[in-house]
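When a residue number appears, it is its place in the shown sequence, counting from 1. Whatever order the structure lists ligands and atoms in, that order sets their numbers, starting from 1.
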Amino acid sequence: MTNLPRKDLFEMPEGLIYLDGNSLGPLPKSVPAKLAQVVNDEWGQHLIRGWNVDDWMGQPVSIADRMGHLIGAAPGTCVLGDTLSLKVHQALSAALVLRPGRKTVLSDTGNFPTDLYMAQGLIRQLDQGHELKTVAPEEVADHITEDVAVVMLTHVDYRTGRMHDMAAITERAHAAGAVMIWDLAHSAGAVPVDLEGCRAEFAVGCTYKYINAGPGSPAFIYVRPDVSGEVFPALSGWLGHEAPFAFDPDYRPGPGIERFRVGTPPVLQVAALDAALDAWDGVEMEDIRRASVALCEQFIAEVEARVPALTLASPRDASQRGSQVSFHFEHGYAAMQALIARNVIGDFRAPDIMRFGFTPLYLGPEDVTGAVDILAKVMDGKLWDRPEYHARSRVT
Ligand SMILES: *Cc1c(COP(=O)(O)O)cnc(C)c1O
């Protein structure tokens, strides 16, 4: 049993209730010292020797292995690098090559825009008659037909928290001969995931949300080991080459997951991830899930009892929901600004969604009650209806 929460492992401003760890995780206390050590001792003293003596070059795989238990990935099946948008491109371009005769990429209308945008851009560039088809999340399974090349889905919907049945959909995709890509942006560190068990060919995700590796931290890509050797990467960068330091003018893909590397790894961000993973040592995802469901259920019950103006946008059934709860409210943007001004941080997603992430590593039941107290006060007194709360910032 994991003892939760582990609040002492995180930096948190006094009096703040942070319900936005699904968008940017807080700072683990282990990170500043680790960054100082890598900057001062490794970069400062070792300089270019760090690539070898500090294993900077091996870390995109070795540190990815450290997070494997969070997503059910075996050692050597994931690599870190770039941003999630680029990893979506890598996975989709590789998947399409595996099904040359098929033209449909199936996704759902709740998918995160960048995933759809990357698919649109790739299809346009390939110019081979592919089509991106999006259907309602509930209808995805029924549209997995024999003309579908790739099923590309985000496991947990960023807006509503609705969660797909990963095992069932992957099985359905494979039965129809399609390749499966899962985006785990709102799953890694949030809900148990069993990549090996579900046999999906590809999965991608980021490390700055529930894993708490900080703004700009690297994304990851998982490729099923029997598939990784079969694809010729579209982003054929030198560090994915079989022998980068042979400086051969012709590209030859590296072994297995190594070919999904592109260029120079973000060493400082990988170090931050390494330190952030200390907070996950000995943590069982089943324990995280149990605590997360309890926090979400408590939040829904308290909001519905005390704040009738908000209507639930997330699935009511906990088994269909990730680790976030969303509510509709017509003036959701202003209401969220009023909450943030009172030290309760969640976020807003257009058109009218107030979104709250629940992260049992550093949140307990007292935080849920504290947040609802303030939410009730803001709503009862219509405190959100002030001009300064209606002005939209660049990032919402
Ligand atoms: C957060 C998120 C992204 C972000 O992509 P970046 O390239 O890291 O900016 C992409 N897809 C999904 C599903 C997300 O939730």
Which residues pass the side-chain contact (heavy atoms from CB on, under 4.5 Å) test with A190, not counting sequence neighbours?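 Here the qualifying residues are Y210, S323.
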Donor-acceptor contact below 3.5 Å, side chain S217 vs main chain Y208: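 Looks like yes, one N/O pair under 3.5 Å.
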Heavy-atom donor-acceptor pair, R349 side chain to T396 backbone, under 3.5 Å: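 Yes; judged by distance alone, with no hydrogens or angles, the pair exists.
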Please give the remaining members of the hydrophobic cluster of W56, linking ILVMFWY side chains under 4.5 Å, ordered by chain and number.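 Hydrophobic cluster check, W56: joined to L27, V31, L35, V38, V39, W43, I48, W51, M57, W238, L239, F245, F247, V267, L268.
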Ring pair (Phe, Tyr, Trp, His ring centres under 6.0 Å): which pairs involve residues 360-396, sequence neighbours left out?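 Listed once each, the pairs are F10-Y362, F329-W384, H331-W384.
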Over 60° means perpendicular and under 30° means parallel, so tell me whether F299 and F358 are parallel, tilted or perpendicular.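 Because their plane-to-plane angle lies in the 30° to 60° range, the rings of F299 and F358 count as tilted.
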Write out the protein residues near ligand 1, meaning a non-hydrogen atom under 4.0 Å from one of its atoms, in order of chain and number.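 Heavy-atom contacts below 4.0 Å: T83, L84, S85, F112, T114, D115, T154, D183, A185, H186, Y208, K209.
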